[in-house]
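Numbers here simply count residues along the sequence, with the first being 1. On a predicted model such as this, the values are computed, not experimentally measured, just so you know.
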Amino acid sequence: MTGSILDGTRVARAIRAEVADGVAELAARGIVPGLAVILVGEHPASSVYVASKGAAAREAGIAERTLRFPAGLSESEILATVDLLNHDDAVDAILVQLPLPKHVGTARILEAIDPRKDADGLHPVNAGRLLQGKPAPVPCTPAGILELLKREGVALRGTRAVVVGRSDIVGKPMALLLLQNDATVTIAHSKTRDLPGLCREADLLVAAIGRPGFVTGDFVKEGSVLVDVGINRVMSRADVERFFPGDAARMATFEKKGSTLVGDCDPATAYPRSSRYTPVPGGVGPLTIAMLLQNTLRLCEARRG
Ligand code: GUN
């Protein structure tokens, strides 16, 4: 059996259309939601993500401003920029693209963002509000995954969910959202004993580790739901043949671009055991952007609506 896909592209399109409608309603009252994105350095993947976020925001009618700085910008200069944006009434949402260069204290930057303008929900006040089940902006990737599961009719109440990965931006908030929706949740990580055995107990398995094809069929209970958060670029022909055996379209992409994307799950052995799975690309990725726009709209409504 190969599972059917959970179509993130389709759900993201629906969310973006809803956000555009909400933005138009505000615009009719003379309010234009504003999003400011801060990018420090030349991280290639981050540059691509930031460009996509900016284009999506503009398409939804959001006034988007991307501030690009060289990698050497000091922490105090970044803090000064955040402070300016905190006090700019036209800016409703601030996003600092991660990762930041090593010389910058990420926690200090995130804590400097006004919690009422926290596009990513990473400020400790908002993380705490999420923990307590209070309204707050929620990190975009887990918020998007929850939206996908709900809109695709995946029941969560009473299910066993395993989240592999314990980051502040995906694993921890994902676990809290699933818990709020009555799943029984385990957070697993690189030190977990018998990780495959634990994962095989999951009705819903969320893989957010950042290692290509790490979750193989051996981790997956037959008929479970797989959410693959990873976006990993593989550059070797041997990897493409291993992850996508007999997939002529993938091989053609690889021949053309010299690389292809694979998630944290092994498409050859993990996806076929699931009842439903999020593909890479086209699963979780598009939702992250859609939820950034939704967070921006909601922050605008809360502060100025
Ligand atoms: N880097 C990769 N994903 C994200 C995200 O969702 N938000 C931010 N700020 N940085 C990221």
Side-chain angles (χ1 to χ4, degrees), residues 1-9 11-12 130 138-232 234 242-244 261-288 291:
M1 178 177 84
T2 277
S4 57
I5 69 163
L6 291 163
D7 191 345
T9 305
V11 170
L130 173 63
V138 175
C140 303
T141 298
I145 292 168
L146 188 72
E147 207 56 47
L148 176 69
L149 296 174
K150 287 190 166 174
R151 292 183 190 222
E152 292 273 16
V154 175
L156 295 174
R157 179 177 298 174
T159 57
R160 280 177 173 248
V162 172
V163 179
V164 189
R166 52 178 158 178
S167 66
D168 290 348
I169 196 165
V170 181
K172 287 185 218 168
M174 183 79 260
L176 290 171
L177 290 174
L178 294 170
L179 182 64
Q180 275 171 17
N181 283 274
D182 300 324
T184 302
V185 186
T186 304
I187 304 180
H189 47 79
S190 57
K191 307 289 187 302
T192 297
R193 233 183 296 134
D194 186 20
L195 185 59
L198 178 75
C199 291
R200 274 198 306 276
E201 292 179 16
D203 304 308
L204 171 68
L205 182 59
V206 180
I209 321 136
R211 290 171 63 176
F214 178 80
V215 170
T216 56
D218 188 36
F219 290 59
V220 181
K221 177 160 92 175
E222 185 79 37
S224 60
V225 174
L226 264 186
V227 175
D228 191 348
V229 182
I231 304 178
N232 309 291
V234 293
R242 177 161 64 97
F243 290 135
F244 305 101
L261 295 178
V262 66
D264 290 348
C265 299
D266 175 10
T269 61
Y271 295 170
R273 293 180 60 78
S274 72
S275 60
R276 308 188 77 181
Y277 69 95
T278 61
V280 177
V284 173
L287 292 160
T288 299
M291 297 314 284

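- No donor-acceptor pair closer than 3.5 Å links the side chain of T278 to the backbone N or O of V284.
- Residues P267 and F244 meet the side-chain proximity criterion, which asks for heavy atoms closer than 4.5 Å.
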* To do: I would like to know whether L198 and T186 meet side-chain contact (heavy atoms from CB on, under 4.5 Å); could you show each step before the answer?
  => CA-CA 9 Å; L198 178 75; T186 304; 3.9 Å; yes
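- What you find for V170 and S167 is that their closest heavy atoms are N-OG, 3.0 Å.
- G165 and I187 make their closest contact through O-CG2, 3.7 Å (heavy atoms, listed as atom of the first residue, atom of the second, distance).
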* Determine, step by step, whether M174 and R166 satisfy the side-chain contact (heavy atoms from CB on, under 4.5 Å) criterion, reporting the C-alpha distance in whole Å, the side-chain angles of both residues, the deciding distance to 0.1 Å, and the verdict. => CA-CA 9 Å; M174 183 79 260; R166 52 178 158 178; over 6 Å; no
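- Scanning all heavy atoms of the two residues, the minimum distance from I231 to G285 falls at CD1-CA, 4.4 Å.
- No salt bridge links R242 with D266; every basic N to acidic carboxylate O contact stays at or beyond 4.0 Å.
- Of all the heavy atoms in G8 and P286, the pair that sits closest is O-CB, 4.1 Å.
- In this structure, CG on L177 lies 10.5 Å from CD on E147, to the nearest 0.5 angstrom.
- L195 has its side chain out of reach of V215: every pair of non-hydrogen atoms, C-beta onward, lies at least 4.5 Å apart.
- Using modelled atom types, no side-chain atom of E222 and backbone atom of S275 make a donor-acceptor pair closer than 3.5 Å.
- Proximity of P173 to D168: side-chain heavy atoms (C-beta onward) are nowhere separated by under 4.5 Å.
- Between the CG atom of D203 and the NZ atom of K221 there is a distance of 4.0 Å, given to the nearest 0.5 Å.
- Counting heavy atoms from C-beta outward, V206 and V229 have side chains that approach closer than 4.5 Å.
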Check residues 154-162 and write down every donor-acceptor pair under 3.5 Å in which the side-chain atom is one partner and the other belongs to a residue at least two apart or another chain.
from : atom 1 : to   : atom 2 : distance (Å)
T159 : OG1    : L156 : O      : 2.6
R160 : NH1    : E201 : OE1    : 3.1

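- Put simply, the side chain of R200 reaches to within 4.5 Å of the side chain of D218, judged on heavy atoms.
- Taking CG of L204 as the start and CG of L149 as the end, the distance is 6.0 Å to the nearest 0.5 Å.
- Here the side chain of R273 pairs a donor or acceptor atom with the backbone of V220 at under 3.5 angstrom.
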* To do: Just do the side-chain contact (heavy atoms from CB on, under 4.5 Å) check on Y277 and V225 with the steps written out, would you?
  => CA-CA 6 Å; Y277 69 95; V225 174; over 6 Å; no
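- The shortest side-chain heavy-atom distance between N181 and K150 falls under the 4.5 Å cut-off.
- Counting heavy atoms from C-beta outward, L205 and V227 have side chains that stay 4.5 Å or more apart.
- Looking only at distances, a side-chain donor or acceptor of E152 sits under 3.5 Å from a matching main-chain atom of D7.
- Using a 3.5 Å distance cut-off with no hydrogens or angles, the side chains of T141 and T288 do pair a donor with an acceptor.
- Listed here is the closest heavy atom pair of P139 and I169: CB-O, 3.4 Å.
- Separation of atoms SG (C199) and CG (L226) is listed at 9.5 Å; rounding is to 0.5 Å.
- With hydrogens and angles ignored, the 3.5 Å screen pairs a side-chain donor or acceptor of T269 with a backbone N or O of G217.
- Summarising the local packing, CZ of R151 is surrounded by more than 12 heavy atoms from other residues, nucleotides or ligands at distances under 6.0 Å.
- Between V262 and V280, every side-chain heavy-atom pair lies at or beyond the 4.5 Å cut-off.
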* Take R211 and D264 through the salt bridge (Lys or Arg N to Asp or Glu O under 4.0 Å) test and state the conclusion after the steps. => CA-CA 5 Å; R211 290 171 63 176; D264 290 348; over 6 Å; no
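- Rounding to the nearest 0.5 Å places CZ of F219 at 13.0 Å from OG of S224.
- Once rounded to the nearest 0.5 Å, the distance linking CD1 of I5 with OH of Y271 reads 10.5 Å.
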